[in-house]
Structures are given as structure tokens and as C-alpha cells.
Amino acid sequence: MSVPLTLLGLLEREPSHGYDLKRDYDAFFARGKPLPFGQVYATLGRLARDGKVVISEVAPGEGPERKRYVITDHGATEVATWLTEPLEPEPHLQTVLFTKVVLALMLDRPAATYLDLQRAAHMRRMRELTELRRTGATIDALLADHALFHLEADLRWIDMTATRLDALAREVRS
């Protein structure tokens, strides 16, 4: 996720203080991994340096001054461009799962056992996500669906790889 572009998008919606940006980011995008305040303010500093936001007003606060940030035309153009560019659909051709299986085979370790353990971990996570999808807000349900689809693909890969372990072992040990 691009934190700078997400913050710019939130600012395009309305000018905001750093605290408000963090709150909205955490509410809509963080899901279990809140954005640190330091990252919010460091990112806003870089965005201001690059001419993508400006400070519209400064008010005293209980701690540091409260700065209200406003997106510039340059920042709004960057958000518009980003929102219209599709993500690269190319799948990851080398994952940690793949690497662990190949290394296990190269080192004469039980790759099938690793795949079984990974399958069980995936199934546990899928049960958690299914419960979240059932009981959570729409945002949580949509994020859970996305994760579930990826885990389902991983499970298919784990099952297919388990059936090909002997052939893969011959290739990586030769």
C-alpha cells in the first residue's frame, strides 16, 4: 500500500490535521496494523517538500502546533493518475512458500511435512477470516474476501506441489 498516495487521497477528500489523517487511515486501511504517528508526519513533511500538500493554518495544541494540510493541484494530479493506473497483474514468480519447499528438498529435509504444516496454518487463517467476513463491517468483509481468495490459491498450489514433490526433488538435486 502506498501511504503517501493514500494520505493524499484522504486530503483530496478534505483538508485535515495529521491526527485526523491517521485516524481515517487506520479506520479504513490499516486493519490491524495502525500507521505510526511518526510515519504520518514524516510523510506529510515529504509531501509538503515535494509540493503536493501545503499547510493552510497552524493552531496551538496541547503539544505541538496543529497543522492543517491541504492537497495542491500537483498532489491531486498524482492521486488522479494513481487511481486510474491498474496494478501490475503479474503474479509473484518466487514466493517464500516456493523457496522453502525447494530448499527443503535440496537439503534432504521433509518438504511434505512443511507443506502439511503450511496447509494447516492457511486453514486456521481462513477460519479466522471467514468469521471476520461473517461478523465484520463491509470493509472488513471485503478485505477478508480478498485475503481468502489468495489463501485459496495458495492451498491449490500447496496441494499441486505435494503431488509433484518427487519430480521437483529430482530436478533440484541433480
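For the single chain, residues carry numbers from 1 onward in sequence order.
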Participant: Salt bridge (charged side-chain N to carboxylate O under 4.0 Å, His left out) with Arg133: which residues, sequence neighbours excluded?
Facilitator: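 Expected list: Asp145.
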Participant: If the condition is side chain to side chain donor-acceptor pair (under 3.5 Å), which residues does Arg49 pass it with, not counting sequence neighbours?
Facilitator: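 Applying side chain to side chain donor-acceptor pair (under 3.5 Å) to Arg49 gives none.
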Participant: I'd like to check the side-chain contact (heavy atoms from CB on, under 4.5 Å) partners of Thr113; sequence neighbours left out, ordered by chain and number.
Facilitator: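 For Thr113, the residues satisfying side-chain contact (heavy atoms from CB on, under 4.5 Å) (neighbours in sequence not counted) are Pro110, Leu117.
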Participant: Determine, for Lys33 against Asp26, whether the closest basic-nitrogen to carboxylate-oxygen distance falls under 4.0 angstrom.
Facilitator: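 Salt bridge between Lys33 and Asp26, a charged N being under 4.0 Å from a carboxylate O: no.
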Participant: Ignoring hydrogens, what is the shortest heavy-atom contact between Ser56 and Val70? Give both atom names and the distance.
Facilitator: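 Looking at all heavy atoms of both residues, the shortest contact is CB-CG2, 3.4 Å.
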Participant: Report yes or no: does Thr161 contribute a side-chain atom to a donor-acceptor pair with the main-chain N or O of Ile158 at less than 3.5 Å?
Facilitator: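 Answer holds: no.
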Participant: Determine the minimum heavy-atom distance between Gly51 and Thr72, stating which atoms define it.
Facilitator: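 The answer is O-OG1, 2.7 Å.
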Participant: Under the salt bridge (charged side-chain N to carboxylate O under 4.0 Å, His left out) test, which residues partner Glu128, sequence neighbours left out?
Facilitator: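 By the salt bridge (charged side-chain N to carboxylate O under 4.0 Å, His left out) rule, Glu128 matches Arg125.
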Participant: Sequence neighbours left out, what pairs pass salt bridge (charged side-chain N to carboxylate O under 4.0 Å, His left out) with at least one residue falling in residues 148-170?
Facilitator: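 Pairs touching residues 148-170 that pass the test: Arg119-Asp159.
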Participant: Write down the atom of Tyr25, the atom of Leu7, and the distance for their closest heavy-atom approach.
Facilitator: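 Heavy atoms of Tyr25 and Leu7 come nearest at CD1-CD2, 4.3 Å.
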Participant: Holding to salt bridge (charged side-chain N to carboxylate O under 4.0 Å, His left out), I want the full list of residues that pass it with Glu131, two or more places apart in sequence or in another chain.
Facilitator: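 Testing Glu131 for salt bridge (charged side-chain N to carboxylate O under 4.0 Å, His left out), a comparison that skips the adjacent residues, returns Arg134.
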Participant: Run the salt bridge (charged side-chain N to carboxylate O under 4.0 Å, His left out) test against Arg127 and tell me which residues pass, sequence neighbours left out.
Facilitator: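 Applying salt bridge (charged side-chain N to carboxylate O under 4.0 Å, His left out) to Arg127 gives none.
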Participant: Kindly give the heavy-atom pair with the smallest separation between Ala30 and Pro34, and that separation in Å.
Facilitator: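 That would be CB-CA, 3.8 Å.
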Participant: Quick check: closest heavy atoms across Ser16 and Leu11, and the distance to 0.1 Å?
Facilitator: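 Shortest heavy-atom separation between Ser16 and Leu11 comes out as N-CD2, 3.6 Å.
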Participant: Starting at CZ of Phe28, measure out to CG of Leu143 and round the result to the nearest 0.5 Å.
Facilitator: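 It is 11.5 Å, given to the nearest 0.5 Å.
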Participant: Partners of Ala42 by side-chain contact (heavy atoms from CB on, under 4.5 Å), sequence neighbours excluded?
Facilitator: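 Listed in chain order: Arg46.
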Participant: Taking the side chain as C-beta and beyond, is there a heavy-atom pair between Leu155 and Leu151 under 4.5 Å?
Facilitator: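 Contact flag for Leu155/Leu151 side chains = no.
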Participant: Can you sort out the partners of Val79 under side-chain contact (heavy atoms from CB on, under 4.5 Å), two or more places apart, ordered by chain and number?
Facilitator: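 Residues passing side-chain contact (heavy atoms from CB on, under 4.5 Å) with Val79: Leu8, Glu12, Ile71, Leu83.
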Participant: What salt bridge (charged side-chain N to carboxylate O under 4.0 Å, His left out) pairs are there with at least one residue in residues 96-106, not counting sequence neighbours?
Facilitator: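 Found none.
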Participant: Test of understanding: with ring pair (Phe, Tyr, Trp, His ring centres under 6.0 Å), list the residues that count as partners of His146, not counting sequence neighbours.
Facilitator: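 His146 satisfies ring pair (Phe, Tyr, Trp, His ring centres under 6.0 Å) with His150 only.
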Participant: Closest approach of Ala111 and Val101, non-hydrogen atoms and distance?
Facilitator: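 Minimum heavy-atom contact is CB-O, 4.1 Å.
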Participant: Only pairs at least two apart or in different chains count here, so list each salt bridge (charged side-chain N to carboxylate O under 4.0 Å, His left out) that has a residue in residues 67-76.
Facilitator: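 Matches after skipping sequence neighbours: none remain.
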Participant: For Gln118 and His122, which I'm curious about, is there any donor-acceptor pair between the side chains at under 3.5 Å?
Facilitator: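 The criterion, which ignores hydrogens and geometry beyond distance, is satisfied for His122 and Gln118.
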